[in-house]
Amino acid sequence: MLTVENLEVVYNDVVLVLRGLSLEVGDGQIVALLGANGAGKTTTMRAISGLLEVHEGDITKGSIHFGGTDITHLDPSVRVKMGISQVMEGRRIFAELTVDENLTAGAYTTDGKDFDRQYDRVMTLFPRLAERHKSVAGYMSGGEQQMLAIGRALMQDPELLILDEPSLGLAPKLVQQMKEIIVEINGHGTSVLLIEQNANMALSIAHHGYVMETGKLVMDGDPKKLLKDEDVQEFYLGLRSDGGERKSFRDVKHYKRRKRWLS
């Protein structure tokens, strides 16, 4: 469904942010993209959704294909109509509007029949939003706002849903609920690119996983295998078999083992 090939992004003609990034999201898959702050995850998302060239930087090399079509330089609104929706970090809801008004704004390209179908789907998926559908969004809890942000993206009935740090700032119980919601969304046929720092949550539901650092991929493969890797456990889960100090993911001690993944 989505293919990113050798993507290079330079900000302000100076800062090289993405360094030949390549990844794929298969039809019907959940794909996890892990990385610490500054790794380039959000830049990757913005390049895919089309926001990058408009606001943040410039794609100097590589391509992005969606459903076999080159979308590298297409307008963001065209990509939405093609079936790409995203939920940005920080939720970015319209705080002054009600739940219903936020959902209506999210459905701006759909007709009346599709609106009703998607609205019912969102309310079924998020019963809490159904209870608070007339509430002003800015007065809702963080978990409710995250539900609303995802629901607004689903109003487009996307083929690909991009989620940027959906578990950020949520209590463990809500993280578990969010995980179950993502699985349910995927179960209805929507592919998901899940951008996360929470390795346990993301890799436990993903079909494939990627690990980013400083603008490039350093690992990818089966999520269960990634979760068992010592580097991933140490850097993302804070676990060390020897009980020593937690090190950088780039520690030369692990270089040879990471090189094996890349080969």
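Expressed to the nearest 0.5 Å, how far CG of L227 lies from CG of L203 amounts to 4.5 Å. How far OG1 of T60 is from CG of L18: 9.0 Å, rounded to the nearest 0.5 Å. In this structure, OG in S204 is found 8.0 Å from CG in N198, a value given to the nearest 0.5 Å. For the atom pair CG (L33) and CG (L217), the distance works out to 7.0 Å, reported to the nearest 0.5 Å. For the atom pair L170 CG and K179 NZ, the distance stands at 13.5 Å (nearest 0.5 Å). How far CZ of R128 is from CD of Q177: 10.5 Å, rounded to the nearest 0.5 Å.
The nearest pair of heavy atoms linking A153 to S85 is O-OG, 3.2 Å. Counting all heavy atoms, side chain and backbone alike, G209 lies closest to P223 at N-CG, 4.1 Å. Listed here is the closest heavy atom pair of D231 and D229: N-OD2, 2.8 Å. Of all the heavy atoms in S22 and N6, the pair that sits closest is OG-N, 2.7 Å. Scanning both residues, L103 and G151, for their nearest heavy atoms gives CD2-C, 3.6 Å. Residue M82 comes nearest to E159 through the heavy atom pair O-OE2, 3.8 Å, listed as atom of the first residue, atom of the second, then distance.
Screening E196, Q197, Q146 for a side-chain hydrogen bond (donor to acceptor under 3.5 Å, both in side chains) with S167, the sole residue that qualifies is E196.
By the 4.5 Å heavy-atom criterion applied to side chains, L7 and K61 are not counted as neighbours. The side-chain heavy atoms of M1 and V31, taken from C-beta on, include no pair separated by under 4.5 Å. Taking 4.5 Å as the limit, every side-chain heavy atom of M45 sits out of range of all side-chain heavy atoms of L163. Side-chain contact check for L154 versus R121: some heavy-atom pair is nearer than 4.5 Å. Between L193 and I48, some side-chain heavy-atom pair lies under the 4.5 Å cut-off. Between Y11 and D58, the closest side-chain pair of non-hydrogen atoms is not below 4.5 Å. Taking 4.5 Å as the limit, some side-chain heavy atom of D157 sits within range of a side-chain heavy atom of R117. You'll find the side chain of L161 stays beyond 4.5 Å of the side chain of Q86, heavy atoms only.
Cluster annotation: V183 and V87 are assigned to the same hydrophobic cluster (Ile/Leu/Val/Met/Phe/Trp/Tyr, side-chain heavy-atom contacts under 4.5 Å, transitive). Put simply, F126 and Y139 are part of two different groups of oily side chains (I, L, V, M, F, W, Y) that touch within less than 4.5 Å, one to the next. Side-chain heavy atoms closer than 4.5 Å link hydrophobic residues (I, L, V, M, F, W, Y) into clusters, and following such links, possibly through other members, connects V175 to I150. Clustering ILVMFWY residues whenever any of their side-chain heavy atoms sit less than 4.5 angstrom apart, transitively, puts V99 in a cluster other than the one holding V136. Transitive grouping of hydrophobic side chains (ILVMFWY, heavy atoms separated by less than 4.5 Å) brings M123 and F115 into a common cluster.
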_Evaluation steps, side-chain hydrogen bond (donor to acceptor under 3.5 Å, both in side chains), between H208 and D220_ = CA-CA 7 Å; H208 193 86; D220 81 282; 2.9 Å; yes

*side-chain contact (heavy atoms from CB on, under 4.5 Å) between L2 and H65, intermediate numbers included*: CA-CA 6 Å; L2 176 74; H65 286 77; over 6 Å; no

*Could you give me the CA-CA distance, side-chain angles and deciding distance for I195 and T44, then say whether side-chain contact (heavy atoms from CB on, under 4.5 Å) is met?*
CA-CA 9 Å; I195 298 171; T44 302; 5.6 Å; no

*Decide yes or no on side-chain contact (heavy atoms from CB on, under 4.5 Å) for V15 and V10, but give the supporting numbers first.*
CA-CA 5 Å; V15 183; V10 179; 5.8 Å; no

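N12 places no side-chain N or O within donor-acceptor distance of the main-chain N or O of V14, the cut-off being under 3.5 Å. R79 places a side-chain N or O within 3.5 Å of a backbone atom of I71 that can act as its donor or acceptor partner. Here the side chain of T190 pairs no donor or acceptor atom with the backbone of L160 at under 3.5 angstrom. The main-chain N or O of K224 is found under 3.5 Å from a side-chain atom of D222 such that the two form a donor-acceptor pair. Side chain of E184 to backbone of L125: no donor-acceptor contact under 3.5 angstrom is found. Side-chain atoms of E101 come within 3.5 Å of backbone N or O of T98 as a donor-acceptor pair. No donor-acceptor pair under 3.5 Å is formed between the side chain of Q156 and the backbone N or O of I84. Within the 3.5 Å criterion, the main-chain N or O of E8 finds no donor-acceptor partner in the side chain of R19. Using a distance-only test at 3.5 Å, with no hydrogens or angles considered, a donor-acceptor pair links the side chain of H207 to the main chain of I30. The backbone N or O of G28 lies less than 3.5 Å from a partner atom in the side chain of N186, making a donor-acceptor pair.
Judged by the 6.0 Å distance and 45° axis criteria, R152 is positioned over the aromatic ring of F94.
By the salt bridge (Lys or Arg N to Asp or Glu O under 4.0 Å) test, E5 is found to be paired with no residue, residues two or more places apart in sequence or in another chain being considered.
Residues S77 and D75 have side chains that bring a donor and an acceptor to within less than 3.5 angstrom of each other. No hydrogens or angles considered: a donor-acceptor pair under 3.5 Å links the side chains of T72 and D70. Between the side chains of Y119 and T104, no donor-acceptor pair of N or O atoms lies under 3.5 Å. A donor atom on one side chain and an acceptor atom on the other are not found under 3.5 Å apart for Q29 and S191.
Between K41 and D164, none of the side-chain N atoms (NZ, or NE/NH1/NH2) sits under 4.0 Å from a carboxylate O, so this pair counts as no salt bridge.
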